[in-house]
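Written out below as structure tokens is the structure these notes cover.
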Amino acid sequence: MRQQKWAELAEVKRELAARDWFMGTSGNLSIKVSDEPLTFLVTASGKDKRKETAEDFLLVGADGQPAEATYLKPSAETLLHVKIYNKTNAGCVLHVHTVDNNIISEWYGDEGEVIFTNQEMIKAFGLWEEDAAFRIPIIPNFAHIPTLAKAFADHVHEDRGAVLIRNHGVTVWGKDAFEAKKFLEACEFLCQYYVKLLLLKR
Ligand SMILES: CSC[C@@H](O)[C@@H](O)C(=O)COP(=O)(O)O
Ligand SMILES: [Zn+2]
């Protein structure tokens with residue numbers, strides 16, 4: 001199971017790396033391995049996530065601490081992943097920093113959310129109606145991770161979702177790696193589209 005989940009997460013990591021979504025060691029990824037007890041593989045902190053090594057991920061428990069002896073440190077933002085796995089049935093969490101998701105988070109930051117409408121791509125989130133709207137909450141980028149995780153957890157209610165952290169990045173989650181990656185790509189498409197549209201409108 002663990003090897004299979006490792007391979008799945010490694011493949012997602014490879015694809016996101018090919019998109020250049022891990023600039024300056026940013027980004028963290030995780031995948032659930034077991035439910036009882038809760039364990040998940042998470043990226044080791046501070047690494048260049050474009051590189052593929054045998055030390056890319058480590059197993060952590062429900063508290064986000066390593067589940068077995070290792071010198072590796074779990075991602076600094078593991079607590080956000082912990083909130084998702086503890087509150088939902090999600091199976092995979094992806095966090096990336098991109099210029100476009102940062103711009104959108106700053107532009108709509110004071111409103112506390114960005115609402116995407118009139119866009120075919122919101123169907124990726126299961127919204128099929130013609131007048132559907134997809135809302136992504138935006139939270140402040142608290143430096144104190146437990147404070148950030150608490151603000152983040154206020155928006156974690158379903159097995160799938162997305163939250164923007166202002167001038168930091170986006171975290172998305174889904175029932176499995178396929179769904180989480182689909183949401184992340186759709187989210188980035190929408191951010192890129194809105195940034196270009198805002199520029200053209202000015
Ligand atoms: C220069 S990346 C900034 C980090 O603090 C963080 O936001 C991030 O995404 C990566 O941290 P990590 O601990 O490697 O998971
Ligand atoms: Zn980050």
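Ligands are counted one by one from 1 in listed order, and the atoms in each one are counted from 1 as well. The chain is numbered in sequence order, starting from 1.
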Check each protein residue for a heavy atom under 4.0 Å from ligand 1 and list those that pass, ordered by chain and number. Gly24, Thr25, Ser26, Gly27, Asn28, Ser45, Gly46, Lys49, Ser75, Ala76, Glu77, His95, His97, His168

So do Phe152 and Asp154 actually touch side chain to side chain, heavy atoms under 4.5 Å? no

With heavy-atom distances below 4.5 Å as the criterion, would you say the side chains of Cys191 and Ile103 are in contact? no

For Lys5, what residues pass the side-chain contact (heavy atoms from CB on, under 4.5 Å) criterion, not counting sequence neighbours? Met1, Glu8, Ile31, Val33, Leu41

Between Glu188 and Arg19, does a salt bridge (charged side-chain N to carboxylate O under 4.0 Å, His left out) hold up when you go through it step by step? CA-CA 11 Å; Glu188 285 305 315; Arg19 293 190 184 278; over 6 Å; no

Test your reading of the model: is there a side-chain donor-acceptor pair from His95 to the backbone of Gly27, 3.5 Å cut-off? no

Got a donor-acceptor contact below 3.5 angstrom from the Gln119 side chain to the Met121 backbone? yes

Which N, O or S atom name in Glu77 marks its closest approach to the Zn ion (ligand 2)? OE1

Angle at the Zn ion (ligand 2) between NE2 of His168 and NE2 of His97, to 10°? 90°

In terms of side-chain geometry, is the basic nitrogen of Arg50 or Asp20 positioned less than 4.0 Å from the acidic oxygen of its partner? yes

